Amino acid sequence: MQTTLLSATDTVTQASKTFSPSENFILRARLKNLSQYQALYHQSIENPEAFWAAEANELHWFKPWKHTLDDSKKPFFSWFTEGKTNLSYNCLDRHLNTQTRNKAAIIFEGEPGDERVLTYHDLHREVCRFANVLLGLGLEKGDTVAIYMPMVPELAIALLACARIGVIHSVIFGGFSSEAIRDRVLDARSKCVITMDGGYRRGKFLPLKEIVDAGVAPCPCVKHVLVLKRHRDTVGRDCPMTPGRDVWYHEATARVTTHRPAVEMDAEDMLFLLYTSGSTGKPKGIMHTTGGYMTHAYATTKYTFDMQAEDVFWCTADIGWVTGHSYVVYGPLLNGATVFMYEGAPDWPNHGRYWQLIEKYGVTIFYTAPTAIRAFMKWGDEWPAQSNLTSLRLLGSVGEPINPEAWLWYNKNIGFERCPIVDTWWQTETGGIMITPVPGCIPTKPGSATLPFFGIDAAVLDEEGNPSDHGLLAIRKPWPGMLRGIYGDTERYVRTYWSKWGGKYYFAGDGAIRDQDGYFWITGRVDDVVNVSGHRIGTAELEAVFIENHAVAESAVIGASHELKGQTLIAFVILKSISAGIDENWLRNDLNRMIETKIGKFARPEAIVFVPDLPKTRSGKIMRRLLRDIAEHRELGNVTTLADPAVVEAIRERFARLKTSTSA
Ligand code: WT7
C-alpha cells in the first residue's frame, strides 16, 4: 500500500471533511457539545488562574498555595506558590479511602505473556517499599537519579517512589546507548542509576545492565546502581555486579517495610528532568516541578480522554518519553484510572498483538502515535479485523502531525466510526497536552489537532508576533505544566523559548496554520529538530558525531518526509581530501556504528550521501532548505543566494546515484 504524506498546507486547502462525535460517545461523555467547550474555554482564557486553581483544588494539598501564578520574574514563572503537596500521594494515598482502593491501577502484560495486576493498594505498598530502598541507599530529597528500564510496572513504581520522597527522576529511554546514558548522568549529576537485568523485545531478552555499566563507569557522581530482576522467580541470568556500588533490588527489599509517608513538597520543588533534543549538539535537561505539572497532567487526562471510573486506558508510549510520564503514569493515576501497560513490540509474535491485547483486557481508550498507525495500515486491515475491538470508545494520536489518510484508516478500522479521535499536540517542554479536541464537544478534521485546551492561549503568529493564518506556533500565557528551565543552562532556556518575540510569548519551535474555524494544523518543526517515528532527534547531534570521524570534513543532516516514519534523517557528508579513494561503504558502516554507540540505533540516518560540497550562502551558512528539496525530490527553491549554484546539481546527482545503488 502506498501511503501519501500530505503536508498540512495541502490538507487544509483540500476542503476537509468534519467528523462530529457519535451519539453513543456523547451519552457517556463528561462534556457533551461545542457550546459547553466554548463557554468553558472562554472563561478559562479570561481567567486562566481561576481555571487551574479549580483543577488543583480537586487534588490534595498539605498546605494551600498563596498565589496561583507568580509572573513577576517572567519568563521564570511559579505556580501555586508556597503550596505543599506530593504527586505520589495524589496518585496513590488519595484513593485509598475510596472505592478506588481495590481497583486495578496497573494491568500489565509482558512480551512473553506474563501477566500482573496491581490494585491501587498494591501499588501503594510497592511504591513505599521502593521509596524505602532508595532512602536506604542514602538518597535524599533534591538528589537526582537516572532510570533506565524496560516497560514494566517497576518503572512506574520507580517514578512514584522518587516523587514520594522528593528524589528527582531523570528517565533515559531504553534505546539510548551507553555514551548517551553517560552524558545524561553527568549533566544531571545523578547519584544513582536504577535499572533492570533486561527486558523482552521481539522474542529476545535484551540485557540492559551491561549498557548501564559501560555508561556509568566514568561517572564519579554515581554512588549506586540499583538493579531489578525482570523475573523475580527465574534463576538470575548472569548479570555483572560491581561490589560496593551495585545493589540487587530484591535483596534490598528484604530489609524494608511497606510504610513510607509522602514528603511535603513545595509546589515548585523539582519533580523530574527529562532530556530532549534541540538545535545544538547537546541534549537539554527539561525541568518540571511538582504542583503545576501535577495539575496540568490531572486536568488534561480528565478532559482530553474523558477519563471515567470504568475506563481501561492504554497509552502505548514508552515511559522514557514525556508521553509516558504524563499519560502512562501520572495523569491516569491522579484520576484513579486503570492503566494498561505492555512491554513488547506491536509486531511480535504477529501483527495482531495490540488488537489481541485490546480485546483481552477490554481497553476502552487507546492512545498511540501516527508512525504506529501507518505501520498498522501497511500490515493490513485483516489484523485488527481478527479481534473484537468493541470495548474501545476513544482513540488518540500524539507525537507528530497525523496525515489524513492514516487518520481515516484509524477512524474506520480501529474506531469503527464510533470513537472520536483526539489528535493531541504538545511537547516535552509543555508537560501536558496543549491543543486537542475535547471529545464529545469538538468536531474533528483529519490532520488537525483542532482547538486549544482550557486555559491555553495558543496562537499562530508571524515573525513580528502578529496573528497570522500561516506562521509559528506560540503560547501567549503561562500554563502550569510548562518547563521551568533547562537544567544548568538558564541562558539557553531564555534564548530557545523566549527570545523569538522579545520575551513576550513562548516559542514552540513548530510551524502552524490556522483555518477559518480557528483550527490548528501543525506543519512540523521549524528548527533543526527531526521527528523520526516519534523520536525527537537534533540534526546537530548527528553532525557532532560525524565530525569526530577523521575522514569527515563537514556534514549537514536534514529531515525528509518518510511514508512510515513521518520523517527520516538524511546525512550529507563532505570528506577530507586525505580520505580520497576510501571505500565509501566501509566508511558508511563506520559512521552508522558511531551513531549507534554515541546516541542509539534509532538515530541512524536513512542515507549517508558523500558530497563534494554543501550548498552555502556567500556568508557560509548551509542552506538546509535546498538539501530538503533534493531529498524530497522537489524543484529547488530560490538559489540566488548560493555562493556556487553548481553545487546543488552535484549533490542531486550523488543522491540519485546512492538511491539507485541501494534499491538495486
Ligand atoms: C514535538 C514534541 C508530545 C509528546 C510526544 C513528543 C511534534 C507532537 C504532535 C501532534 C503535530 C506533534 C511537534 C512537537 N508533535 N504532537 N499531535 N501534531 N505535531 O514530544 O519529543 O517533546 O516532541 O512533536 O513537532 O514540537 P517531544
Side-chain angles (χ1 to χ4, degrees), residues 88 91-92 104-120 122-131 133-134 145-163 169-176 181 192-212 225-237 239 247-253 272 312-321 323-330 332-333 338-346 348-349 353-354 357 360-361 363:
S88 178
C91 287
L92 302 168
I106 298 178
I107 300 177
F108 167 74
E109 184 158 320
E111 202 195 64
D114 47 324
E115 301 168 11
R116 263 174 92 190
V117 179
L118 288 145
T119 65
Y120 272 87
D122 293 332
L123 190 60
H124 179 261
R125 274 196 302 275
E126 292 300 331
V127 168
C128 289
R129 200 198 307 266
F130 207 117
V133 168
L134 295 177
V145 304
I147 304 181
Y148 188 74
M149 276 169 69
M151 274 295 283
V152 294
E154 285 76 9
L155 175 50
I157 292 167
L159 266 64
L160 291 159
C162 289
H169 57 72
S170 164
V171 183
I172 303 171
F173 169 62
F176 278 112
I181 296 174
C192 171
V193 182
I194 304 171
T195 189
M196 202 165 233
D197 53 350
Y200 293 96
R201 194 84 182 165
R202 296 202 172 85
K204 290 201 193 85
F205 188 80
L206 298 184
L208 293 179
K209 174 63 167 46
E210 285 87 336
I211 300 173
V212 168
V225 176
L226 181 60
V227 192
L228 287 88
K229 217 177 237 182
R230 171 62 180 80
H231 274 304
R232 273 156 213 249
D233 42 23
T234 48
V235 195
R237 53 177 282 284
C239 182
V247 177
W248 278 113
Y249 180 76
H250 63 269
E251 289 174 7
T253 50
F272 68 83
V312 178
F313 180 68
W314 185 11
C315 165
T316 65
D318 193 287
I319 294 176
W321 309 110
T323 311
H325 284 59
S326 301
Y327 302 108
V328 175
V329 184
Y330 292 122
L333 297 177
T338 296
V339 170
F340 174 66
M341 225 175 134
Y342 178 60
E343 177 184 32
W348 181 271
R353 189 76 181 109
Y354 273 18
L357 290 164
K360 178 171 174 187
Y361 294 102
V363 172

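This one's a predicted model, so the numbers in the text were calculated from it and none came from an experiment. For the numbers below, each heavy atom of this structure counts, side chains included, while hydrogens, waters and symmetry mates do not.
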K.L.:
CD1/Ile319 to CE/Met341 distance, rounded to the nearest 0.5 angstrom?
P.N.:
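Rounded to the nearest 0.5 Å, the CD1-CE separation comes to 4.0 Å.
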
K.L.:
Specify whether Phe176 and Phe173 have parallel, tilted or perpendicular ring planes, treating 30° as the upper limit for parallel and 60° as the lower limit for perpendicular.
P.N.:
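Aromatic pair Phe176/Phe173 classed perpendicular.
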
K.L.:
Taking side chain as C-beta onward, heavy atoms only, is Arg353 less than 4.5 Å from Glu109?
P.N.:
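Arg353 vs Glu109: side chains touch.
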
K.L.:
Mind checking whether Tyr361 and Trp314 have ring centres under 6.0 Å apart?
P.N.:
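When the ring centroids of Tyr361 and Trp314 are compared, they turn out to be at least 6.0 Å apart.
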
K.L.:
Run the side chain to side chain contact (heavy atoms under 4.5 Å, CB included) test on Leu357 and Val363 for me, step by step, so that the C-alpha distance in whole Å, both residues' side-chain angles and the decisive distance to 0.1 Å come before the verdict.
P.N.:
CA-CA 8 Å; Leu357 290 164; Val363 172; over 6 Å; no

K.L.:
Go through the steps to decide whether Phe108 and Leu118 satisfy the test side chain to side chain contact (heavy atoms under 4.5 Å, CB included), and finish with yes or no.
P.N.:
CA-CA 8 Å; Phe108 167 74; Leu118 288 145; over 6 Å; no

K.L.:
Are the side chains of Leu123 and Ile157 in touch, meaning some heavy atoms are under 4.5 Å apart?
P.N.:
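They are in side-chain contact.
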
K.L.:
A side-chain contact here means heavy atoms from C-beta on lying under 4.5 Å apart; do Ile181 and Val193 qualify?
P.N.:
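No, their side chains stay 4.5 Å or more apart.
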
K.L.:
Any chance you could measure Thr316, atom OG1, to Tyr327, atom OH, to the nearest 0.5 Å?
P.N.:
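Separation between the atoms: 14.5 Å.
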
K.L.:
Of the non-hydrogen atoms in Leu159 and Tyr330, which two are nearest, and what is the gap between them?
P.N.:
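Leu159 and Tyr330 have their closest heavy atoms at O-OH, 3.4 Å.
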
K.L.:
Is any side-chain heavy atom of Trp321 closer than 4.5 Å to one of Val171?
P.N.:
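Sidechains of Trp321 and Val171: no contact.
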
K.L.:
If you look at every heavy atom in Ser326 and Pro332, which pair is closest and at what distance?
P.N.:
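Closest approach of Ser326 to Pro332: O-CD, 3.6 Å.
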
K.L.:
Check for a donor-acceptor pair, side chain of Glu343 on one end and backbone N or O of Tyr200 on the other, with a separation under 3.5 Å.
P.N.:
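Between the backbone of Tyr200 and the side chain of Glu343 there is a qualifying donor-acceptor contact (under 3.5 Å).
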
K.L.:
Check the pair Cys162 / Phe272 against side chain to side chain contact (heavy atoms under 4.5 Å, CB included), numbers first and verdict last.
P.N.:
CA-CA 9 Å; Cys162 289; Phe272 68 83; over 6 Å; no

K.L.:
Just how far is it from atom NE2 of His124 to atom OG1 of Thr119, taken to the nearest 0.5 Å?
P.N.:
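Result: 11.0 Å between the selected atoms.
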
K.L.:
Among Asp197, Val152, Ile194, Leu208, find the one that has a side-chain contact (heavy atoms from CB on, under 4.5 Å) with Leu228.
P.N.:
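So, applying the side-chain contact (heavy atoms from CB on, under 4.5 Å) to Leu228 and each of Asp197, Val152, Ile194, Leu208, only Ile194 qualifies.
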
K.L.:
Taking the side chain as every heavy atom from C-beta outward, state whether Asp122 and Ile106 have any pair of such atoms under 4.5 Å apart.
P.N.:
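Counting from C-beta outward, Asp122 and Ile106 never come under 4.5 Å.
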
K.L.:
Can you tell me how far the OG1 atom of Thr253 sits from the CH2 atom of Trp248, to the nearest 0.5 Å?
P.N.:
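With rounding to 0.5 Å, OG1 (Thr253) is 12.5 Å from CH2 (Trp248).
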
K.L.:
Mind listing the closest non-hydrogen atom pair of Ala131 and Ala161 along with its distance?
P.N.:
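For Ala131 versus Ala161, the nearest heavy atoms are N-CB, 3.6 Å.
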
K.L.:
Nearest heavy-atom pair of Ala158 and Ile147: which atoms, and what distance?
P.N.:
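Residues Ala158 and Ile147, closest heavy atoms: CB-CD1, 4.0 Å.
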
K.L.:
Where do Val145 and Leu226 land on the side chain to side chain contact (heavy atoms under 4.5 Å, CB included) test, with the steps shown first?
P.N.:
CA-CA 10 Å; Val145 304; Leu226 181 60; over 6 Å; no

K.L.:
Any side-chain heavy atom of Leu206 sitting closer than 4.5 Å to one from Arg230?
P.N.:
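A side-chain contact is absent here, since even the closest heavy-atom pair is not under 4.5 Å.
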
K.L.:
Do you know which two heavy atoms are closest between Tyr342 and Met151, and how far apart they sit?
P.N.:
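Answer, listing the atom of Tyr342 first, then Met151: O-CB, 3.8 Å.
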
K.L.:
Using the ring of each side chain (for Trp, its six-membered ring), is His169 parallel, tilted or perpendicular to His325, with breaks at 30° and 60°?
P.N.:
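The rings of His169 and His325 sit tilted, inter-plane angle from 30° to 60°.
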
K.L.:
Using modelled atom types only, decide if a donor and an acceptor are shared between the side chain of Glu111 and the backbone of Gly203 within a distance under 3.5 Å.
P.N.:
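Answer holds: yes.
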
K.L.:
Nearest heavy-atom pair of Ala104 and Thr338: which atoms, and what distance?
P.N.:
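Looks like O-OG1, 2.7 Å.
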
K.L.:
Donor-acceptor pair, Thr195 side chain versus Tyr148 backbone, under 3.5 Å?
P.N.:
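Judged by distance alone, yes, a pair lies under 3.5 Å.
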
K.L.:
Enter the distance from Glu154:CD to Met196:CE here, rounded to the nearest 0.5 Å.
P.N.:
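If we round to the nearest 0.5 Å, Glu154:CD and Met196:CE are 4.5 Å apart.
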
